[in-house]
Structures are given as C-alpha cells and as structure tokens.
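One structure is given here, and the rest of the page talks about it.
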Amino acid sequence: GNGMGIALNNASDNTVESNRVAGSRLQGIYLGSQSTGNTVRNNGVTESTLEGIFISGPKNTIDGNTVSEGLDIGIRLTSGAAGNGLLRNRVTLNQKSGMELDNADGNRVNDNPDISGNKEHGISVGQFGVNNLLERNGVTGNTKLGIWVAGANNTVRSSRIADNREAGIALATTAQQNRLEGNLLE
C-alpha cells in the first residue's frame, strides 16, 4: 500500500468522498494542522498501519466513513483539532481505540451507530480533551472501556453503551466537570 492513502497538508475546503483506502503503511486519511473546512465522507478505510483517519486541523467534517481492521486507532483527533464533527461513522475491529480525542477541544462526536470490537476503548477522551460533545453513539463490545474520559467539561449523552469488557463509561482522576446524561448502559 501507499505510505498515506490520502494526505491533506495545509489544505482547506476540499471534499474527500467515496474512496477505498486499504493497507496504508501510515495513516489512511491524514488532515494536517492547517487543514480546515474539509469534508471526508463515505470513505472505506481498512488495514492502516497508523490511524485510519488522523485529524489535527480545525473545523472539518468526518461523516459516514467506515474505518476498520487497522493496527492503531480508528479515528484520532489531536493537537489543533477543534470544532470538528465526527458524524455517522462506523469504527470497528481496530487494534487500539475506535476513536481518540487527545488534546482536542470543542468537537462533536454524534450519531456514530457502530463503534465496536476495538481492542482498547470505544471512545477515549484524553486529559487535554475538553468541551467535547459525545451524543447518540453506539459503543459496544470493545475490549477495555466503552467510553474513557480523562479531560474536563465533556458531555456524554443519549448513547447506547453495552457489552464492553471493563466498564461502560469510566472517568479518570483528572476528569473534572463532565456530564453523563441519558445514556443506556447494558
């Protein structure tokens, strides 16, 4: 496979749609720190060595993608990833967490129906992940935690969280002023 399947470096207002990205030696789809206003929609990303989709830029929309069977995290937001929307994605069977928000601020993780079978957490919000909204997600059958929150002022609402091995939702000792509301844990 390619090093990166699709790379947007300092690229804004682009649409990446209906691509199949398989076996990338690095990230499947990469959005660098100055990449803003992009839409990544209805792509299939499988078997990436690093993240399936990696975002470090602000105000991008990641919608309706399938990210599976990667050797790392399915979808990762990191430093500089603010105001992004992760919507209607299916993130399954990755060797690390399904989604990770690390040093990510003010993002929406909404209406993702299937975050399952990942070898670590379904969704992980790191210590510097703040002011994020996780709403109406289906987080099931992950090896560790369904949702792990270590940051502050995050909201987990109206999600179905089931059959995760260690716990449905867990807050770290660093987690402050988070809100857990209206979730179904089974």
Side-chain angles (χ1 to χ4, degrees), residues 4-8 14-22 24 27-31 35-78 81-102 104 106-126 129 132-149 154-164 169 183:
M4 291 181 202
I6 298 171
L8 280 69
N14 297 287
T15 299
V16 177
E17 185 170 16
S18 300
N19 298 286
R20 304 279 308 146
V21 180
S24 298
Q27 291 90 358
I29 299 175
Y30 175 91
L31 281 71
S35 296
T36 184
N38 297 292
T39 299
V40 177
R41 181 173 45 230
N42 297 332
N43 298 285
V45 182
T46 59
E47 300 176 347
S48 297
T49 300
L50 296 179
E51 297 89 350
I53 300 176
F54 177 92
I55 305 110
S56 63
K59 299 180 182 172
N60 297 289
T61 300
I62 312 302
D63 183 6
N65 301 285
T66 299
V67 182
S68 63
E69 300 177 20
L71 298 179
D72 204 298
I73 298 162
I75 299 176
R76 182 174 184 209
L77 280 70
T78 190
N84 294 287
L86 304 182
L87 315 167
R88 295 178 289 274
N89 299 287
R90 295 181 183 278
V91 185
T92 62
L93 304 173
N94 294 288
Q95 293 299 309
K96 293 191 178 175
S97 292
M99 293 182 176
E100 181 176 289
L101 288 72
D102 180 35
N107 298 285
R108 292 177 302 118
V109 179
N110 294 30
D111 301 303
N112 297 282
D114 187 10
I115 303 170
S116 67
N118 298 292
K119 298 295 183 193
E120 291 185 3
H121 311 309
I123 302 172
S124 173
V125 181
N132 297 291
L133 172 62
L134 287 65
E135 186 171 38
R136 296 182 305 273
N137 297 295
V139 185
T140 61
N142 296 287
T143 300
K144 291 188 177 180
L145 305 168
I147 298 176
W148 167 249
V149 178
N154 298 287
T155 300
V156 179
R157 181 168 51 216
S158 302
S159 293
R160 180 177 179 267
I161 304 157
D163 300 320
N164 298 287
I169 302 172
N183 298 291

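The chain is numbered in sequence order, starting from 1.
- Side-chain atoms of T78 and F54, non-hydrogen and from C-beta on, do get closer than 4.5 Å to each other.
- A salt bridge (Lys or Arg N to Asp or Glu O under 4.0 Å) check over residues 55-71, counting only residues at least two apart or in different chains, returns the pairs D63-R88.
- Rounding to the nearest 0.5 Å places CG of N14 at 9.0 Å from OG1 of T39.
- Residues I161 and I147 form a side-chain contact, since some pair of their non-hydrogen atoms from C-beta on lies under 4.5 Å apart.
- A 4.5 Å side-chain heavy-atom check between M99 and L77 finds every atom pair outside the cut-off.
- Considering T140, L93, V139 as possible partners of S116, the one that fulfils the side-chain contact (heavy atoms from CB on, under 4.5 Å) test is T140.
- Counting heavy atoms from C-beta on, the side chains of N43 and I29 come closer than 4.5 Å.
- Legend: salt bridge (Lys or Arg N to Asp or Glu O under 4.0 Å) pairs involving residues 110-124, not counting sequence neighbours, sorted by first then second residue: D111-R136.
- Each of V109, N107, T61, N132 was evaluated against N84; a single residue qualifies, N107, per the side-chain contact (heavy atoms from CB on, under 4.5 Å) test.
- Although no hydrogens or angles enter the test, the distance criterion places a donor-acceptor pair under 3.5 Å between the side chain of H121 and the main chain of L145.
- Formation of a donor-acceptor pair under 3.5 Å by the N65 side chain with backbone atoms of G44 is not found in this model.
- In this structure, V16 and L8 have side chains that are in contact, with non-hydrogen atoms separated by less than 4.5 Å.
- V40 is not listed as a side-chain neighbour of N60, based on a closest heavy-atom distance of 4.5 Å or more.
- A donor-acceptor pair under 3.5 Å is absent between the side-chain atoms of N94 and the main chain of L71, judged by distance alone.
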